[in-house]
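Remarks on the structure that follows.
No hydrogens, no waters, no symmetry mates; every other heavy atom, side chains included, goes into these values. In this text, all values refer to a predicted model and were calculated from it rather than measured experimentally.
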Amino acid sequence: MILVATIWIQAFTGTNFDFSAYSSQLKAVLGVSQVQLNYLAVASDLGKAFGWSSGLALMYMPLWVVMFISAFMGLVGYGLQWLVIRNIIALPYFLKFYLKYLISFKLLFVALLVFLLCLLAGCSICWFNTVCFVLCIRNFPTNRPLAISLTVSFNGVSAALYNLAAKALNPSSSALYLLLNAFIPLLTSFAALVPILRQPPLDPLPVDAVRRDQLIFLLLNILAVITGLYLLLLGSVSSSAAQLLFTGAILLLILPLGIPGIIYARDWFRRTISSSFRLQGSGFILVDADDLELHKELISRENNSANGLAYTAISDGYAKGSICAQEDKPSEGCCMTMIIRKDSLVMLGEEHKARMIVRRLDFWLYYFAYFCGGTIGLVYSNNLGQIAQSLGQSAKTSTLITLYSSFSFFGRLLSAAPDFMRTKAYFARTGWLAAALLPTPIAFFLLASSGSDTVLHTGTALIGLSSGFIFAAAVSITSELFGPNNVGVNHNILITNIPVGSLVYGVLSALVYDANASSVRGFVTDSVVCMGRKCYLLTFLWWGCISVVGLASSVLLFLRTRPAYDRFEQDRRSPVLY
């Protein structure tokens, strides 16, 4: 029930992914340029810079209170934006002045009221995410990566769900997205309240529950794939069938509620029916040896720590000194070896406080891999509306948003692959991160090479797939590299790169956009529009080069952390005497 509640929260609170659906109307209503509109997108992403406040709130308030604070922040942030875009309330004169002459006041806030509303709405998303992370970490200690990747994946499908809901209600109104963003998360919080209030005690799982939970996660992932395909293949239908299809999507999200009933029915069958046929003295056992792997891992770590045999005796979990001095034969690549091995991670799960991680090279490689990978994909999604408009495909904006959202959803689901495949083909999670970053530069260079519909759809799908994997895998990687107990704070430090990247990449694209718009029109109106491939050609080339830097950072991070992952897997597989 906790897992289902978390899925609901994630599915309906990824409201930042539908910014492109109403950004063009917001730009027209406010009469701003592309650079000025970008600051509003930055404000939404800037809310993540205050994500640490959710962890602080959880220290003093119950989880359900933090969840409703998140919902009311979104209600105010998006609700008042809807009133502005519908001209029900007007901006004060001095705010319009700043909006119109922002280029002359580069460091001033863009429309202080709208900026703060976007900031508040973005902060609410981060608080919702923290609530979901805490629920997964507390309630699924043995299958934490599976729970996180599954639930976070549904955050990527939010845009497709909202797109279908908007089509079902009023397909001609872009402002409707803001109204849905304001109320649906609040309604979802009420729906998830009962499971959160009735959380089970945090007792260790029985040995037969580990394999059972893994089977349940497999079934839920299959159901999630069906949900994603449903939204991808049917999400772009006409508005006449949207109501029926949206109802079907809601039923698919409610369907996991049947799993607790199946579990109770199976337990009842075992207690009442199966027990009457049990043979006395049977030599069969119901516990597979693989069910004990987690216990082997924990006991192995305790025994090795006690005997002093497992890891180098270093207080902070990192190896010191130059590896070249330890090698028998110096090699030509000694400097590269020093970069890869010096102060490298020795063991997984070592707890790091915030002041410790900012001094680690591993953290900054991880930070830049995220900054030049997942964040640049998010900025691309924020610009989808203007990209489609510049290529003369404004009518396909909702289709592109659904495409990005659906493939982001599939990318998040794929982040669970390391955990499902680890018994047959083990590979470090940081290696999967590097592989997931590869489609991003390919997609941007494809987009720069052609402006055809096929390339636009292919590039959008690849970027959504790549960024979705990164968003979902990042939580597990953070907990493995820097400890699970401080993941709420450490992960929020990591995602401070999102508002920074949103500002840098967004301004870069907006400057190119406005420069081409002014050169075509000869003058700059209150709301400029650029048409043609030139509007984003240089931007795609820059973004492609930047994503190559992120790929290089992720490869270096993988090379530095691979020994720790290999040692962890070796200890997990090693037999332990009880």
Evaluate ring pair (Phe, Tyr, Trp, His ring centres under 6.0 Å) for Phe154 paired with Phe12, printing each intermediate quantity in order.
-> CA-CA 8 Å; Phe154 279 90; Phe12 291 107; 9.6 Å; no
Taking the side chain as every heavy atom from C-beta outward, state whether Val157 and Arg412 have any atom pair closer than 4.5 Å.
-> no
Indicate the atoms forming the closest heavy-atom contact of Val66 with Trp127, along with that distance.
-> CG1-CE3, 3.5 Å
Residue that, paired with Ser467, satisfies side-chain hydrogen bond (donor to acceptor under 3.5 Å, both in side chains) out of Tyr404, Tyr380, Tyr370 = Tyr404
Quick one: pull up OG1 in Thr6 and CZ in Phe133 and give me the separation to the nearest 0.5 Å.
-> 11.0 Å
Determine, step by step, whether Tyr230 and Leu252 satisfy the side chain to side chain contact (heavy atoms under 4.5 Å, CB included) criterion, reporting the C-alpha distance in whole Å, the side-chain angles of both residues, the deciding distance to 0.1 Å, and the verdict.
-> CA-CA 9 Å; Tyr230 177 89; Leu252 285 173; 3.8 Å; yes
Are side-chain heavy atoms of Phe471 and Leu378 found at a separation under 4.5 Å?
-> yes
Carefully, step by step, assess Leu3 and Thr151 under the rule side chain to side chain contact (heavy atoms under 4.5 Å, CB included).
-> CA-CA 7 Å; Leu3 193 66; Thr151 55; 3.8 Å; yes
Verify whether one side chain among Tyr505 and Asn383 offers a donor that lies under 3.5 Å from an acceptor in the other.
-> no
Taking Ser476 for its side chain and Ala472 for its backbone only, find out whether a donor-acceptor pair lies under 3.5 Å.
-> no
Check whether any side-chain heavy atom of Met73 lies under 4.5 Å from a side-chain heavy atom of Val76, and answer yes or no.
-> no
Compute whether any side-chain donor of one residue and acceptor of the other, for Thr430 and Tyr366, lie under 3.5 angstrom apart.
-> no
Return yes if some donor-acceptor pair links the side-chain N/O of Thr375 with the main-chain N/O of Cys372 below 3.5 Å, else return no.
-> no
Check step by step if ring pair (Phe, Tyr, Trp, His ring centres under 6.0 Å) holds for Phe217 and Phe140.
-> CA-CA 11 Å; Phe217 278 113; Phe140 302 97; 5.7 Å; yes
Do the side chain of Ser153 and the main chain of Leu150 share a donor and acceptor less than 3.5 angstrom apart?
-> yes
For Pro256 against Leu223, the heavy-atom pair lying closest together | CG-CD2, 3.5 Å
Side-chain contact test, heavy atoms from C-beta onward, threshold under 4.5 Å: evaluate it for Leu193 versus Phe68 and give yes or no.
-> yes
Is the backbone N or O of Ala11 less than 3.5 Å from a side-chain atom of Asn155, with the two atoms forming a donor-acceptor pair by type?
-> no
Mind listing the closest non-hydrogen atom pair of Leu231 and Thr402 along with its distance?
-> O-CG2, 3.6 Å
Between OG on residue Ser158 and CG on residue Leu180, distance to nearest 0.5 Å = 12.0 Å
When the aromatic ring centroids of Tyr162 and Tyr177 are compared, is their separation below 6.0 Å?
-> no
Does any N or O in the side chain of Ser502 come within less than 3.5 Å of the main-chain N or O of Ile498, such that one atom is a donor and the other an acceptor?
-> no
Determine whether more than 12 heavy atoms belonging to other residues, nucleotides or ligands lie under 6.0 Å from atom CH2 of Trp64.
-> no
Can you measure from CG (Leu481) to CG (Leu494) and round to the nearest 0.5 angstrom?
-> 10.0 Å
So, does Thr13 use its side chain to make a donor-acceptor pair with the main chain of Pro185 at under 3.5 Å?
-> no
For Ala249 and Leu164, work out which heavy atoms get closest and say how close.
-> CB-CD2, 4.4 Å
Check whether any side-chain heavy atom of Leu75 lies under 4.5 Å from a side-chain heavy atom of Phe72, and answer yes or no.
-> yes
Heavy-atom donor-acceptor pair, Trp8 side chain to Leu253 backbone, under 3.5 Å | yes
Can you tell if the side chain of Thr496 reaches within under 4.5 Å of the side chain of Tyr367, non-hydrogen atoms only?
-> yes
Can you measure from CD (Gln10) to CD1 (Ile7) and round to the nearest 0.5 angstrom?
-> 9.5 Å
Carefully, step by step, assess Ile9 and Ile196 under the rule side chain to side chain contact (heavy atoms under 4.5 Å, CB included).
-> CA-CA 11 Å; Ile9 294 173; Ile196 292 177; 4.3 Å; yes
Minimal heavy-atom distance between Ser124 and Ala121, with the atoms involved, is OG-O, 2.5 Å
Looking only at non-hydrogen atoms, find the nearest pair between Ser553 and Ala369 and report the distance.
-> CB-N, 4.0 Å
CZ of Phe368: more than 12 outside heavy atoms within 6.0 angstrom?
-> no
Could you check if a side-chain atom of Gln81 sits within less than 4.5 angstrom of a side-chain atom of Asn181, using non-hydrogen atoms only?
-> no
In Å and rounded to the nearest 0.5 Å, what is the CZ to CG distance from Phe469 to Leu465?
-> 9.0 Å
Less than 4.5 Å apart, any side-chain heavy atom of Ile2 and any of Arg138?
-> no
Output the distance between atom CG (Leu186) and atom CE (Met67), rounded to the nearest 0.5 Å.
-> 9.5 Å
Which is it for Phe371 and Ile546 under the side chain to side chain contact (heavy atoms under 4.5 Å, CB included) test, yes or no, and what are the steps along the way?
-> CA-CA 9 Å; Phe371 177 74; Ile546 292 170; 5.6 Å; no
